[in-house]
Number of protein chains: 2
Amino acid sequence: MRQMERYFPILEWGRTYGRTPFTNDLIAAVIVTIMLIPQSLAYAMLAGLPAEVGLYASMLPLIAYALFGTSRTLAVGPVAVVSLMTATAVGKIAAEGSSDYLAAAVLLAFLSGVMLVVMGLLRLGFIANLLSHPVISGFITATGLLIAAGQLKHMLGIDISGHTLPEIIAGLVENAGAFSATTLIIGIAVLSFLYFARLRLKGLLRALGAGPRLADIVTKAGPVLAIAVTIVIAYLLDLGNSGVALVGEIPRGLPAPSLPAFNTDLLIELAGPAFLISLIGFVESVSVAQTLAARRRQRIVPNQELIGLGAANIASSVTSGYPVTGGFARSVVNFDAGAQTPAAGAFTAIGIAVATLFLTPVLFYLPQATLAATIIVAVLSLVDVAAVQRVWRYSKTDFSAMAATILGTLFLGVEAGVMLGVGLSVLLHLYRTSRPHMAVVGQVPGTEHFRNVERHAVVTSPEVLSLRVDESLYFANTRYLEDQVSELVAERPQLQHVILMCSAVNEIDASALESLEAINHRLCDAKITLHLSEVKGPVMDRLKRSDFLEDLTGEVFLSQYEAVEKIAPNGK
Amino acid sequence: MRQMERYFPILEWGRTYGRTPFTNDLIAAVIVTIMLIPQSLAYAMLAGLPAEVGLYASMLPLIAYALFGTSRTLAVGPVAVVSLMTATAVGKIAAEGSSDYLAAAVLLAFLSGVMLVVMGLLRLGFIANLLSHPVISGFITATGLLIAAGQLKHMLGIDISGHTLPEIIAGLVENAGAFSATTLIIGIAVLSFLYFARLRLKGLLRALGAGPRLADIVTKAGPVLAIAVTIVIAYLLDLGNSGVALVGEIPRGLPAPSLPAFNTDLLIELAGPAFLISLIGFVESVSVAQTLAARRRQRIVPNQELIGLGAANIASSVTSGYPVTGGFARSVVNFDAGAQTPAAGAFTAIGIAVATLFLTPVLFYLPQATLAATIIVAVLSLVDVAAVQRVWRYSKTDFSAMAATILGTLFLGVEAGVMLGVGLSVLLHLYRTSRPHMAVVGQVPGTEHFRNVERHAVVTSPEVLSLRVDESLYFANTRYLEDQVSELVAERPQLQHVILMCSAVNEIDASALESLEAINHRLCDAKITLHLSEVKGPVMDRLKRSDFLEDLTGEVFLSQYEAVEKIAPNGK
């Protein structure tokens, strides 16, 4: 039963589900539904997909997450960053608007879902650690800028393609002449209203006597209001015939469940992007979930979250949706609106289904520029210049990884940006750890203690070199040990014994073992004996599984004092 | 002057160069030249290049290395592994035998040379640490098998292509019917003779009264003998007209210096392979150089080695050669033959130049099967099954990286194999370090000491949680800290204070800082105060560059005792 509960968290909270949480979840679901309708349409447009795909991705995935996810309040669905990553990945394979494009997006969700579930079952959540905070933060900022720039085409009513800043700018410059004035007016009006709503409306409503909760809800409903008003205007003024691009026909009804169309070449081509989307989506989602869970002293289980998000993506793909993950703004709204259990997500799914059945004829008249303005406002809040400054001030190393991610994302594209950032941070980490701390030590006169010769007045002998290694030895730092020993030996013509003091060595991996063997052989060739001292128990046990201890020219001593006493009793 | 000597090691050994080292170097050069002629022809064939390219790669590169390299005895030139990697990289771009193929190989040497020099000047030698010993060892073993399998086509006299084991096997099976019996007989005869020379000849010569040095030299000259004999046979029996593939026309004369043909697309396509070739070549070469240097208590400088090998590759490319590096067998022969300075390399270059000028007409009749047999004998000695067993016994983690490298190399190709191995070992390393050791601690009654609650009888309070972190905090392990704190807090409903004891934390990177901030915020939301204790000086200095200390809900205490005394004087 405990095992079942681990994989189906619903068994835990479902047992005590009653009237109070039901009411709270229902209220939250209504509010989130109102917020999610414009978001799902907008992010589908950002992903280059028909509007209904955004709605489809906002139904079954929420129910799947409610069954498998561990966060009580995470709101799953289409999000901006993942939508851009989808557009980039799928845009390389098929032309926007083609049926191949849609099929690839659906397959991408499926692949990403399977990868997430597999990572969850194998407990590989730690892979997300590859993405350091500066890399994630830089990536989100760069993506926000890139998305905002990309939406300018919808604001201007022109048609350009491209997923990097130079491509977008070149496209804008080239086609700017063909812009539609009406479209631009709508876009700017909506943009201004949304910024007003975000920055001033709440204060204004409070000043007018509205309660804090009402003021908050009205403010959050700003995009819905903008959509309603522009739909009415577009309908009354027949803007569709004045060069304003509208959302147009959305198929009424729910998606029929079906498996995505498989194709080996396509699977191979999408594997890399699917992996990156899975990682980024997971990291973003877990961080939101953890923040919210902490407020109520609840816990989320990262490896089970992988399964929950994976199930949501598979659910998305079997209902013709595209990749989804937990969204920040939406989850906060869900939490603030009082959601208590994942059932709120399931109720939201029902809300979206109702909207898909009855609202789609109305959405025909929705100007794309309205959606573009919604997206711009949402993504510019992701741009965090202060974070860049903070990292710059805190650590130049971390800043360089962040800068590489930002520049890589803007100029080479989202995938290259992430990989550049990850590659650089791993390299920088290896660089930092590639020089294990070590010290030549000597005996403190009259004691059994050994200390760094550079810091203490200690006794040493020209025939004996005692080297204390202060870190575990593994592939990234073991060559440095070889170099250091070579150097120290080359400086000491009279040398006859080297003692490696291993008191701080917790691990010796196979690379380090090879290095120790090489050091032993090289010292042997130079007629120098190698000894070890103070080797920890588990390290010794492992060394016994190799031939090293038999080949060792010298001995393994329990203490450094014992070693020096035995080797050089006079000249220590 | 010290600076000049660092970049031009010749200034150091050149000053004291006299009659004795000259004589010794000359003798060694004659022996290495004899060994290098068949090797350079064979490895050029392995790389899919005309025979003369192997000779060209054995002249100027040796002189360039003599000027810039730090090893006194390393013998640079074409080697088996790099030749296969060249064939794989260039084979994707052009058809074997075409002028594009040759141009790409020359450009590859240039690119690799520039990369090595740049890495050397920027002191990026540590990048080679990415290649752990098990990955390198697995890669060399797999490459050896792959090369041997690939040479079977020359032994059988059939024409197949492919650079992975399945491709090679499929090609052999398909074309086996077209084999040339005469070719096979020559191949098997040479193979048998070479194995006899390697395993028995030395003992036989010694038994017949030859001195150890003479016996050794005659044994090493086995391939030359095989070549001479098969040339004579091929000439006398006119084997070229009996379906036996011969080396054929080799242009007489030295290569005219020229820059490689540049081409942006080609540069981009070759950049990845050039980087891998640089890394593998460097790691192999440095390990040979270090082993030999140690025997005479000399030192090699890894970052200067990068420059030396880089110069050698650039020298190769401007004389129509292909990528080179330090070879193991050849360097050992050079060392054993008494070479004292890199001048031996320069003399070898002159020897190869003389051979190119005068021997090429004779080499016309050399059967390719003879070269194939030479290659097979050389590369099968690279296959180290014992190393695989050793790693299996020593560490299953290291073994999995090794197995991935071997299988990846055999079945997906050399580049995929290396990248798979490197990727897996970095991931496994991150996994190992992704869980920093930490312990909940309590006060040892009557003392100021704090110890792990699981191991000692200590006093704790339900309102205070003291957590000792035993490792530096950085991106790979910081999320685990977040998870652990969440979990510990969720278990303790009465909790009011968390104290992180940082006595063993040497570094807090930007990711860890973000995590501490998140922990602080989350605890604050849950009405719990976060404190730190025993923060080291440099860590504290860095934290002061951020806003963390201002946002911290609690305090930073000099000692854990002070913290507990102040926070919970009664209920500690």
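Numbers restart at 1 for each chain; the letters A, B, ... are given by sequence-line order, proteins then strands. Note that this is a predicted model, so its numbers are computed, not measured.
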Let me know if A:Ala510 has heavy atoms under 4.5 Å from chain B in its side chain, its backbone, both or neither. both
Stepwise side-chain contact (heavy atoms from CB on, under 4.5 Å) check, B:Ile300 with B:Leu74: CA-CA 10 Å; B:Ile300 65 124; B:Leu74 189 73; over 6 Å; no
A:Ser425 portion near chain B, given a 4.5 angstrom heavy-atom threshold: both
Please report the interatomic distance CD1(A:Ile136) to CD(B:Glu514), rounded to the nearest 0.5 Å. 10.5 Å
Bottom line for A:Leu124: the part with an atom under 4.5 Å from chain B's heavy atoms is neither
Please tell me whether A:Ser511 and B:Asp398 have a donor and an acceptor in their side chains that are separated by less than 3.5 angstrom. no
Pick one of side chain, backbone, both or neither for A:Pro302, based on which atoms fall under 4.5 Å of a heavy atom in chain B. side chain
For A:Leu513, is it the side chain, the backbone, both, or neither that has a heavy atom closer than 4.5 Å to a heavy atom of chain B? side chain
Give, as side chain, backbone, both or neither, the part of A:Tyr474 having an atom under 4.5 angstrom from any heavy atom of chain B. side chain
The interface call for B:Tyr394 against chain A, heavy-atom contacts under 4.5 Å, is both
Chain B heavy atoms under 4.5 Å from A:Ser515: which part of the residue, side chain, backbone, both or neither? both
Residue part contacting chain B, namely of A:Gln290, when any heavy atom lies under 4.5 Å: both
At a 4.5 Å cut-off on heavy atoms, which part of A:Arg542 comes close to chain B: side chain, backbone, both, or neither? both
